[in-house]
Every structure is written in structure tokens, then in C-alpha cells.
Amino acid sequence: MLLISCPWCGPREESEFQCGGEAHIVRPTDGAGLSDTAWGDYVFMRKNPKGVQYERWHHAAGCRRWFNVARHTVTHEILAVYRMGEPPPEVEP
Amino acid sequence: MVIVGGGGHGLATAYYLAKLHGLTNVAVVEKGWIGGGNTGRNTTIIRSNYLNDESAGLYEHALKLWEGLSQDLNYNVMFSQRGVMNLAHNEHDVRELKRRCYANHLNGVDSDWLSTSQVKEFCPILNCDPDARYPVLGATLQRRGGVARHDAVAWGYARGADRRGVDIIQNCEVTGFRIHDGAVQGVETTKGFIGAAKVGVVVAGHATVLADMAGFRLPIDSHPLQALVSEPIKPVLDTVVMSNAVHAYISQSDKGELVIGAGADLYNSYAQRGSLPIVEETIRAIVELFPMFGRVRMLRSWGGIVDIAPDASPIISKTPVGGLYFNCGWGTGGFKATPGSGWVFAHTIARDEPHAINAAFKLDRFYSGELVAEHGAAAVAH
């Protein structure tokens with residue numbers, strides 16, 4: 001059971017949250033002119049790192065707000081929690 | 001040539017390369033021991049009742065190979081066609097499962113629709129009370145489905161490949177690819193460089209790690225998928241029962257243990273362990289479906305890292321690198337496809353083009369949009 005610190009509610013159990021997957025994926029602005037390769041990269045391709053992943057979480061059974069987490073995908077250690085719109089912080093795994 | 005990954009799929013690939021294509025100058029490299037990854041961690045369920053034509057073709061090809069596998073390998077994989085039931089708990093389940101049943105009939109895949117009373121007759125210990133937490137409104141039954149001994153599948157394919165001249169190298173981890181002018185020249189490993197004009201990669205949860213080494217992207221997310229077994233009890237369950245809606249599936253092994261599979265964990269992980277809330281949800285569902293298991297004690301639980309693709313279908317494909325082939329994305333249900341996966345992957349590597357059976361499962365589909373959506377038939381929530 002992960003203990004996740006919601007930026008608004010403080011530490012809560014994993015079962016209150018939903019994981020929204022990789023963070024900082026930016027929707028391309030030029031949709032009409034975009035190549036199939038660029039669309040495929042945006043929609044489907046994922047970093048899926050073995051190490052630190054920057055990902056989105058949703059406090060579904062709490063304040064229902066989204067936020068970002070930097071988490072190690074082998075140790076599951078949560079290295080940083082930061083709000084939507086903030087740049088990913090440098091973290092030491 | 002080199003096959004990276006000594007699980008069931010990799011060993012089957014090497015076996016069919018040698019047996020059907022006469023290619024025996026093959027090394028299978030495995031970072032741990034053969035069959036020690038997801039091959040030894042799954043719940044051994046085998047079925048082919050998938051929705052789309054492409055998937056039915058692939059999984060039914062695998063099922064037909066299962067039906068002759070012990071004879072072909074001269075090694076008893078203990079394939080037991082005890083039937084696989086998929087339960088419907090609500091109107092949507094009923095419609096979805098009936099639709100899949102009819103699609104199966106059109107593809108020559110056996111699939112029966114059972115009413116609630118027929119379910120009760122087929123599996124008397126299942127709670128079919130109309131007031132149950134998860135009422136059983138019916139089920140599909142694939143009678144040719146069942147289970148097999150997972151370790152024996154790895155060992156049987158390994159023995160068959162070894163006897164035909166394939167080298168199997170354990171404790172040998174791939175650390176990089178040597179690529180020149182867009183074509184693979186071999187693999188760097190912890191035991192040194194192995195030159196090869198063709199390399200087939202079939203490493204399940206670590207597919208993205210290997211694709212990163214080769215310099216292209218995959219649409220894969222790696223998640224833990226958990227399973228657990230009970231203490232051995234007397235024979236009580238002679239079929240496989242799966243429930244899509246409550247994320248649980250169960251059968252009884254020949255040793256008497258109840259083998260229980262859970263849903264995938266929420267978040268990406270390479271840790272080969274899952275979270276306790278998922279186990280709790282699964283056990284809660286199992287006890288609702290089978291009240292008599294309420295006091296059975298669990299013996300152990302474990303997790304495997306599964307490679308989930310966006311359309312819940314595998315990728316068995318050429319890649320942007322010449323001579324480099326990937327077989328991944330099996331997600332939560334790769335074991336059932338082991339013989340078929342190895343068979344089509346061997347063809348793809350030997351001929352440098354996919355067989356008609358796996359042509360649709362190309363990596364390019366995520367750029368062209370030709371997805372093979374199998375979230376319903378994949379049966380595990382993710």
C-alpha cells in the first residue's frame with residue numbers, strides 16, 4: 001500500500017487514488033497538419049521507464065483533484081509530489 | 001540468430017525455428033533462468049474465445065497447437081481441457097459475452113452460452129443465488145479451453161529446441177544492440193558480444209527497456225499482475241471460472257491448490273510484486289462467488305510484470321531496425337498463446353515477413369490506426 005501525499009489533503013492511502021499514467025504529454029497544436037507518425041507518438045507511444053517515472057494521479061475518493069508524482073518504478077518510492085502545470089523536478093532515485 | 005528471452009514464447013520460437021524452418025544456429029539468451037518470469041507466474045488458463053477475426057485466428061491457432069503439444073514435444077505439458085467459463089453479472093456483460101459467442105461461432109471457435117441454471121449445473125459450488133452480490137445472469141463456456149502445467153511448457157520447448165541444436169544461455173542479460181546502417185549486427189550481453197544477423201526479442205514486461213536500447217518507441221506500459229494460491233484442498237472445482245466484471249479468475253491445480261488471478265495494478269512497475277489492495281479486492285470477489293472458499297487459507301502470492309498495449313493485443317512484428325523483431329504486448333494473457341506466438345514469430349524471423357496469422361499484429365498499427373481492440377476478451381481489467 002503506497003502512502004501518497006495529495007498536495008491538498010496530505011498523506012492518504014493508495015486506494016483513494018487512481019493513477020493517470022505518464023505526465024507531461026503535450027497535445028500537438030497543429031492537429032490538421034500533423035503526420036500519422038507524430039499522432040501515433042502522441043496518442044500511443046510511452047516512455048514506460050524502468051526508474052523514475054513522472055506520472056499523473058487523481059485523488060478520486062478525496063478532493064478529486066489531479067496532481068503529478070515522481071515515482072521510482074522498481075522501488076515504488078515516491079520522490080516528489082507537485083501540482084499540475086509545474087515543471088517536473090529533478091529527483092535523485 | 002539470437003532470441004532474447006527464455007520464457008515460453010522465446011523457447012517456442014527457437015523450437016519452431018529449428019523444427020519448421022531448419023534454423024538451428026540459434027542462441028536463446030535469458031537474464032535469469034528459463035521459465036522464471038511470467039511463464040512461471042501466470043494462472044495457466046488457455047482459451048481462444050477472442051472477439052476479432054485477427055485475434056481468433058491467432059489464439060485458435062495456438063489452441064490447436066496445444067491440443068497436440070504433448071505428443072509433438074514428447075513431453076507431458078498436462079494440457080487439461082476442463083472448460084473455461086466467463087461469467088456475466090449484468091445486462092451489459094450478457095450482451096457483450098453473447099456477441100463474442102456469436103463472433104466465435106463465425107470464426108469456428110467453440111463457445112456455448114449457458115443460462116444461470118446451466119451454469120449452476122456445470123459448476124455447482126458457484127453462488128448463483130439471485131440475491132448474490134454478483135448475480136450470475138449466464139456465462140460463456142469454451143469447452144476446449146482449460147489449463148496446462150506452465151513450467152512443463154518451458155521445459156518441453158527448451159528440451160525440444162536443445163535437441164535440435166539450439167543453444168540456451170541462462171544468466172545472460174542483454175545490455176545493448178550493435179546496429180550498423182539501420183540493421184542489427186548482434187547483441188551485447190553480460191557474457192560478451194554475440195554476433196547475429198537476426199535478433200528476436202520476446203521479453204514481456206521489459207520490452208520497452210530493450211526497445212530503448214534499439215532506439216525506437218513502443219506503446220507499452222508495464223504493470224504488475226498478481227496471482228495467489230491456497231493451501232491444497234480436495235478436488236472441488238473441475239473447470240476454470242473467470243469473471244471480467246469483478247476482476248477474478250480461479251481454477252484448481254492438480255496438486256489441489258486453488259489458483260487465483262487478480263486484476264492488474266494501477267501504476268507502472270518493474271518490481272515483480274503487486275499491491276495488497278488488489279489482492280483484497282480479488283479475494284473479496286472470489287469469496288462472494290464461492291462462499292465455501294471463505295475459510296480457505298492462502299499459501300503464497302506473487303506478481304509478474306506484464307506489457308500492456310493500448311488495444312490489449314500483442315505486437316508480433318518487424319521493427320524500424322533491420323533484422324530486429326519484437327514480440328510483446330501480450331499483457332495479461334500471453335500464456336495461452338505460447339505455442340502460436342512462437343510459431344508465428346519463428347515464421348516472421350525466418351522469412352523476414354509476418355505470417356498471415358500475425359500480419360495484423362504489426363507495430364505500425366499504432367501509426368495507421370488499424371487497432372485490434374480486445375479489452376473485453378482480454379478479461380483482466382487494466
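- Checking B/Ser222 against A/Asn48 by side-chain atom types alone, a donor-acceptor pair falls below 3.5 Å.
- Side-chain contact between A/Arg71 and B/Asn268 is present, with at least one heavy-atom pair separated by less than 4.5 Å.
- Within a 6.0 Å radius of CZ in B/Arg133, other residues, nucleotides and ligands contribute 12 heavy atoms or fewer.
- When each of A/Glu22, A/Glu55, A/His72, A/Lys47 is checked for heavy-atom pairs under 4.5 Å with chain B, A/Lys47 comes out on top.
- Atom CG of A/Asp36 is separated from atom OH of B/Tyr367 by 10.5 Å, given to the nearest 0.5 angstrom.
- For A/Thr75, the part sitting under 4.5 Å from any heavy atom of chain B is the backbone (N, CA, C, O) and nothing else.
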Donor-acceptor pairs under 3.5 angstrom involving side-chain atoms of residues 213-220 of chain B: please list them, not counting sequence neighbours.
none

Report, one line per pair, each donor and acceptor closer than 3.5 Å where one atom sits in a side chain of residues 6-15 of chain A; sequence neighbours left out.
{"residue": "A/Arg12", "atom": "NH1", "partner": "A/Glu16", "partner atom": "OE1", "Å": "3.1"}
{"residue": "A/Glu14", "atom": "OE1", "partner": "A/Leu2", "partner atom": "N", "Å": "2.7"}
{"residue": "A/Glu14", "atom": "OE2", "partner": "B/Ser275", "partner atom": "OG", "Å": "3.2"}

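- The closest side-chain heavy-atom distance from A/Phe17 to B/Leu266 is not below 4.5 Å.
- Looking at B/Tyr267 and A/Gln53, their side chains never come closer than 4.5 Å, going by heavy atoms from C-beta outward.
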